[in-house]
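Residue numbers begin at 1 in each chain, while the letters A, B, ... track the order of the sequences. Here the structure is a predicted model, which is why all the values come from computation and not from measurement.
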Amino acid sequence: MSNDTGFPTLLDELKWRGFFEQCTDEDALAGLLDEETVTGYIGFDPTADSLHIGSLLPIMGLVHLQRHGHRPIAIVGGATAMVGDPTGRTELRRMLTLEQIEENLAGIKAQLAHYIRFGDGPRDGLMLNNADWMKDYGYLAFLRDFGSHFSVNQMLARDSVKTRMEHGLSFIEFNYMILQAYDFMVLNRDFGCRLQMGGSDQWGNICSGIDLTRRVTRDEVYGLTFPLMMTAAGTKMGKSASGAVWLSAERTPVYDFYQYWINVDDRDVSRFLRLYTLMPRERIEELERLEGADVREAKRELARAVTTLLHGAEATEAAEKAAAALFAGAADASTVPSSERPAADLAGEGLALLDALVDCGLFQSKGEARRMVRQQAVRVNGEVVGDELRLLTAADVRDGRIALQVGKKKHHHLLVG
RNA sequence: GGGGGGGUUCCCGAGCGGUCAAAGGGAACAGACUGUAAAUCUGUCGGCAGACGCCUUCGGAGGUUCGAAUCCUCCCCCCCCCA
């Protein structure tokens with residue numbers, strides 16, 4: 001397969017970039033990828049109308065697949081979401097209705113469209129909902145058709161099952177493997193799909209799918225897994241001050257998204273450049289040579305590249321400018337999170353700073369806001385405020401706004417009108 | 001169905017009649033340091049209140065006590081062993 005990626009083959013690129021954890025029959029897969037347009041898929045979770053950063057890795061996996069001339073399929077687990085996943089022993093994952101799933105699916109597809117070219121061409125991506133082939137399948141019919149193909153012995157031997165045995169495993173969860181295996185088989189049968197990719201925790205499920213497909217369609221299919229992504233600090237990807245980092249600009253403003261990447265641990269920069277950008281190898285290797293404070297240069301490139309991929313050049317530039325302005329101490333910050341505040345609120349005695357801080361979402365409770373003020377963490381128009389009883393008045397308005405700041409990185413502007 | 005062990009604040013995990021908003025650790029947030037990094041040190045970490053203090057939390061519902069996360073009853077859920 002010819003390509004303009006700068007890498008001879010898909011597997012070469014995946015390996016160099018750090019996507020390659022393990023793979024079934026690598027030689028055969030390499031040969032297949034070399035010979036023909038291969039259809040490969042990854043499953044996504046439709047429990048929200050937006051994906052978050054954790055899904056970026058598989059998304060990029062599909063991107064590379066497509067860039068190397070193959071056909072990506074993103075499959076959304078509508079069927080599994082309908083059932084709900086009781087994995088965590090404390091709370092059930094919400095069971096979603098078909099309508100909710102449809103909505104979520106639309107939102108997710110729009111996001112994936114930033115990365116993958118969907119369409120009808122031979123190499124255009126597809127987005128499918130497994131509820132389409134699952135929801136009307138009766139239990140008895142399914143059992144009769146496929147039950148004999150699954151070996152309980154084998155399923156119990158899977159690591160994914162074994163590790164759960166200690167903490168308990170419900171039948172529904174046990175069945176996920178079967179549902180996912182069935183997905184792979186259907187995709188192979190109906191779409192000629194021959195590759196499933198996923199996180200390393202999916203290995204067992206992927207293998208089950210390969211086994212089932214072999215038995216049903218007699219086709220040889222392959223699996224490839226990505227390493228489990230952790231930050232250098234040992235935490236899960238995508239957690240930030242305000243919770244998960246989402247791909248949706250409504251949930252995570254572009255500015256915050258950009259800042260997430262600017263703030264990554266030095267030790268993660270190299271890996272992230274390789275995994276989450278499409279930057280050419282030479283450029284990445286250049287950036288990797290930077291040391292000390294110069295690493296920030298690499299982070300800027302990282303943040304710009306990742307943000308541009310998702311939100312486009314224009315929004316990225318705006319975020320960059322806002323960040324530069326804020327951290328240089330300057331005032332222009334049109335893209336800083338802001339909220340409206342009627343001038344009347346500031347009249348008379350004024351508006352309690354603590355209330356303003358909570359109302360605009362900087363803090364969740366007045367107690368928290370109070371503590372932060374006491375710790376000298378809050379600034380109004382750049383000036384540290386130590387008085388928790390501080391009132392905001394018209395005198396605090398500069399250019400139609402009051403600039404609130406928490407710590408070094410959190411900003412919010414009250415637009416007084 | 002029987003026997004045993006459990007469900008504690010974001011997570012792990014102590015507490016087992018008052019001194020418990022609940023040890024300790026982790027995560028998180030802030031301050032100092034710095035490079036919008038890491039490491040380190042310090043502080044904070046249920047809600048309301050300027051403060052005294054008040055209120056809500058220890059699976060759920062009742063009860064015993066002046067007083068319960070701690071004791072009793074019933075219920076729900078999880079794990080282990082036996083059937």
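Among A32(B), C29(B), A37(B), the nucleotide with an atom closest to any side-chain atom of N263(A) is A37(B). Candidate nucleotides A30(B), G47(B), G35(B) were compared by shortest atom distance to the side chain of R371(A), and G47(B) ranks first. Among the nucleotides G31(B), U44(B), A38(B), the one closest to the side chain of D265(A) is A38(B).
Among D183(A), L126(A), N188(A), L65(A), the single residue meeting the side chain to side chain contact (heavy atoms under 4.5 Å, CB included) criterion with Y41(A) is D183(A).
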Next item on the list: Go through the steps to decide whether E320(A) and R300(A) satisfy the test salt bridge (Lys or Arg N to Asp or Glu O under 4.0 Å), and finish with yes or no.
Entry: CA-CA 9 Å; E320(A) 278 179 326; R300(A) 273 194 292 275; over 6 Å; no

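Residues Q111(A) and S50(A) bring a donor and an acceptor atom of their side chains to less than 3.5 Å of each other. For the residue pair Q180(A)/Q196(A), the side-chain donor-acceptor check at 3.5 Å is satisfied.
Under the 4.5 Å side-chain criterion, counting only non-hydrogen atoms from C-beta, E314(A) is not in contact with E317(A).
Across G25(B) and U8(B), the matching C1' atoms stand 15 Å from one another, rounded to whole Å. Taking atom C1' on both nucleotides, U19(B) is separated from A68(B) by 15 Å, rounded to a whole Å. Between G13(B) and G6(B), the two C1' atoms lie 13 Å apart (nearest whole Å). With both ends at atom C1', the span from A22(B) to C72(B) equals 23 Å, rounded to whole Å. U56(B) and A69(B) have their C1' atoms separated by 14 Å, given to the nearest Å. The separation of C11(B) from A28(B), taken at their C1' atoms, amounts to 11 Å, rounded to a whole angstrom. Taking atom C1' in both U57(B) and A51(B), one finds a spacing of 24 Å when rounded to whole Å.
Counting non-hydrogen atoms under 4.0 angstrom, V264(A) reaches the backbone sugars and phosphates but no base. Among the protein residues, E388(A) comes within range of the sugar-phosphate backbone only, with heavy atoms under 4.0 Å from sugar or phosphate atoms but none that close to a base. Within the 4.0 angstrom heavy-atom criterion, only backbone atoms of the sugar-phosphate kind lie near L389(A); the bases stay farther away. Residue A293(A) is classed as a base contact, given a heavy-atom separation below 4.0 Å to a base. Within the nucleic acid shown, K299(A) comes within 4.0 Å of at least one base atom, counting heavy atoms only.
Both E368(A) and A377(A) sit near RNA chain B, but only A377(A) has its closest nucleotide nearer the 5' end. In terms of position on RNA chain B, the residue among V378(A) and Q259(A) whose nearest nucleotide sits closer to the 5' end is V378(A).
Contact check, R370(A) against G50(B): a side-chain N or O comes under 4.0 Å of OP1 or OP2. Phosphate contact (OP1/OP2 of G35(B), side-chain N/O of K408(A), threshold under 4.0 Å): absent. Contact annotation: R379(A) does not reach the phosphate of G31(B) (side-chain N/O to OP1 or OP2, under 4.0 Å). Look at S365(A) and you won't find any side-chain N or O under 4.0 angstrom from OP1 or OP2 of G46(B). For A37(B), the OP1/OP2 oxygens have a side-chain nitrogen or oxygen of K409(A) closer than 4.0 Å.
Crowding of R304(A) atom CZ: a count of heavy atoms from other residues, nucleotides or ligands under 6.0 Å not exceeding 12.
Salt-bridge annotation for E26(A) and K15(A): present, with a side-chain N of the basic residue lying under 4.0 Å from a carboxylate O of the acidic one.
Taking atom CG of residue D294(A) and atom C1' of nucleotide U36(B), one finds them 15 Å apart after rounding to whole Å. Summarising the geometry, the separation between CD1 on I262(A) and C1' on A38(B) is reported as 16 Å, rounded to the nearest angstrom. Between the P atom of C45(B) and the CE atom of M372(A) lies a distance of 9 Å, rounded to the nearest Å. A straight line from CD of Q376(A) to C1' of U44(B) spans 14 Å, rounded to a whole angstrom.
For G35(B), the base has a donor-acceptor partner in the side chain of D266(A) [N/O atoms by modelled type, under 3.5 angstrom].
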